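One structure below.
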Amino acid sequence: TGPMRFSRSPHTRGLARLMELAPSLGIEEIWLEKSSQSGLSEAVRSYIAWRADQSPCPMMLVLPTEQKGREIVGKRIMPLFNAEPLKSLQTEFIRDVNKSSIQLANGFVLFLAWSGSPTSLASHPCGVVINDETDKYEITSGRESDPLSLSRARLKTYGGKQLLVALSTPTTPDGVIHTGRASCPVQLRYHVPCPECGEWQVLIWDRLRYPAAEAGETREAHANRVGTDRSVGYECSGCSVVIDPTHRRAMLSRGVWATEHAAGQPGFDTLAGEADGIVFDGWPAGRKVGVRINDLSVYWIEWWRTAEAGILAGAEPVR
């Protein structure tokens with residue numbers, strides 16, 4: 001209830017800023033490759049509400065199926081519009097707020113579309129199109145274009161001010177979200193500072209540190225022991241100190257989105273300290289931005305949970 005609180009999800013602050021400033025920066029596409037339950041879908045839904053109130057235009061939300069779309073709209077989107085300040089922008093017609101579309105008195109419209117229906121994707125010109133869970137999209141049949149191409153076609157009327165957002169948990173290395181994100185000229189990662197040496201780095205699985213499996217111990221038993229002891233740390237890429245998990249939240253709260261090039265430059269501490277969750281310096285030219293985040297950088301997912309899941313999946317860090 002209430003406004004979005006970035007203190008509870010610090011990694012979403014810079015992404016909200018990115019979506020807000022995208023038109024003025026000349027950004028036309030943002031690709032978000034995320035871990036599950038990372039809060040990015042909720043951040044995007046908050047962006048929809050912000051646009052409805054502050055910068056209204058026709059928008060389209062594309063989901064994998066009609067059933068899933070109506071469920072998301074009913075449980076996640078409509079509550080936003082039935083609360084202030086958006087409630088006061090509703091028209092007097094009940095039909096203007098339903099599970100197929102939402103229309104406000106200020107000219108904002110949100111259309112629902114789904115991947116298996118080319119008709120739903122080809123009906124309305126929009127300024128913003130959000131493609132959620134792209135790796136679960138159905139393949140269109142016949143001579144119709146794929147859902148992403150149809151989504152881009154909706155944006156032609158808003159040349160220079162349009163924005164396409166695609167987000168998904170990846171399924172395969174050649175999936176839509178991974179290949180789309182990897183092709184973007186601008187690549188952003190969530191960088192956090194080491195509490196010991198101050199080195200800015202992206203948290204990766206290979207530097208997670210936890211007790212090794214004992215002789216004859218099954219994968220399940222090993223995962224259970226690590227999850228029970230919760231003695232999981234992270235080895236800094238700069239000073240090699242194993243960071244205690246008690247410092248995890250403080251590290252993540254100071255994190256910023258930036259390119260690898262910018263994070264490695266002198267003076268990055270100052271840039272990060274003055275940033276609102278994102279550092280725009282050091283970006284190469286490009287209208288498409290790729291964003292990638294894993295569980296290790298998500299505020300509410302403890303490192304021991306990631307280690308436990310990794311052990312069960314058969315993945316072991318490089319020692």
Side-chain angles (χ1 to χ4, degrees), residues 1-9 11-13 15-16 19-20 30 32-106 108-117 119-121 123-124 126 128-138 147 151 154 163-171 176-177 291 293 295 298-301:
T1 302
M4 186 166 179
R5 295 170 177 84
F6 291 116
S7 60
R8 298 178 180 178
S9 55
H11 62 284
T12 64
R13 180 189 300 276
L15 298 182
M19 289 186 286
E20 176 188 348
I30 300 174
L32 307 173
E33 184 179 4
K34 64 186 185 67
S35 57
S36 61
Q37 302 300 312
S38 60
L40 296 196
S41 292
E42 194 63 32
V44 170
R45 287 190 281 268
S46 294
Y47 170 71
I48 292 174
W50 178 84
R51 284 298 298 251
D53 183 45
Q54 298 291 323
S55 184
C57 72
M59 299 180 69
M60 180 176 287
L61 176 63
V62 185
L63 277 300
T65 64
E66 181 179 10
Q67 179 182 358
K68 184 65 174 179
R70 292 184 183 276
E71 178 185 343
I72 292 293
V73 171
K75 293 182 178 180
R76 298 291 189 177
I77 302 294
M78 289 183 68
L80 289 171
F81 288 85
N82 287 327
E84 295 297 347
L86 298 180
K87 186 176 178 62
S88 61
L89 294 175
Q90 292 185 18
T91 71
E92 60 185 20
F93 303 108
I94 297 177
R95 65 176 181 271
D96 282 345
V97 179
N98 57 71
K99 292 185 180 180
S100 295
S101 65
I102 296 174
Q103 184 168 340
L104 302 182
N106 63 357
F108 173 84
V109 186
L110 177 66
F111 300 105
L112 171 64
W114 54 97
S115 62
S117 171
T119 302
S120 70
L121 283 161
S123 302
H124 311 285
C126 296
V128 179
V129 176
I130 296 172
N131 294 269
D132 199 0
E133 292 299 345
T134 58
D135 273 20
K136 298 178 182 177
Y137 279 6
E138 298 178 3
S151 296
R154 299 302 94 219
L163 178 63
L164 182 144
V165 178
L167 68 154
S168 183
T169 302
T171 54
V176 173
I177 195 64
V291 176
I293 190 169
D295 277 0
V298 178
Y299 197 69
W300 50 83
I301 302 177

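Any value given below was found using the heavy atoms of this structure, including those in side chains, with hydrogens, waters and symmetry copies removed. On a predicted model such as this, the values are computed, not experimentally measured, just so you know.
- Salt bridge absent: Glu84 and Lys87 never bring a charged side-chain N and a carboxylate O closer than 4.0 Å.
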Carefully, step by step, assess Asn82 and Gln90 under the rule side chain to side chain contact (heavy atoms under 4.5 Å, CB included).
CA-CA 9 Å; Asn82 287 327; Gln90 292 185 18; 3.0 Å; yes
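- Crowding of Glu42 atom CD: a count of heavy atoms from other residues, nucleotides or ligands under 6.0 Å exceeding 12.
- Between Pro147 and Asn131, the shortest heavy-atom distance links the atoms O-OD1, 4.5 Å.
- Atoms CZ and CD, from Phe111 and Gln103 in turn, are 7.5 Å apart once rounded to the nearest 0.5 Å.
- In this structure, the side chain of Glu33 does not engage the main chain of Pro170 through any donor-acceptor pair within 3.5 Å.
- What you find for Val128 and Arg51 is that their closest heavy atoms are CG2-NH1, 3.6 Å.
- Residues Asp295 and Ile301 share a closest heavy-atom pair of OD1-CD1, 3.5 Å.
- Among all heavy-atom pairs drawn from Ala16 and Phe6, the shortest one is CB-CZ, 3.7 Å.
- With rounding to the nearest 0.5 angstrom, the CG atom of Leu104 is 9.0 Å from the OG atom of Ser88.
- Rounding to the nearest 0.5 Å places OG of Ser9 at 9.0 Å from CG of Leu40.
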Please lay out, stage by stage, how Leu32 and Val44 fare under the test side chain to side chain contact (heavy atoms under 4.5 Å, CB included).
CA-CA 10 Å; Leu32 307 173; Val44 170; 4.1 Å; yes
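- Once rounded to the nearest 0.5 Å, the distance linking CG of Leu164 with CD1 of Ile30 reads 9.5 Å.
- Ile293 and His11 make their closest contact through CD1-CD2, 3.6 Å (heavy atoms, listed as atom of the first residue, atom of the second, distance).
- Put simply, CD1 on Ile48 and CG on Leu86 are 11.0 Å apart, with the number rounded to the nearest 0.5 Å.
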Enumerate donor-acceptor pairs with a distance under 3.5 Å from any side-chain N or O in residues 55-66 to protein atoms, sequence neighbours excluded.
from: Thr65; atom 1: OG1; to: Lys68; atom 2: N; distance (Å): 3.1
from: Glu66; atom 1: OE2; to: Arg70; atom 2: NE; distance (Å): 3.1
from: Glu66; atom 1: OE2; to: Arg70; atom 2: NH2; distance (Å): 3.0

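- Distance check, rounded to the nearest 0.5 Å: CD1 of Ile72 to CH2 of Trp114 gives 14.5 Å.
- Residues Ser41 and Leu167 approach most closely at OG-CD1, 3.5 Å, considering heavy atoms.
- Using a distance-only test at 3.5 Å, with no hydrogens or angles considered, no donor-acceptor pair links the side chain of Asp135 to the main chain of Ser168.
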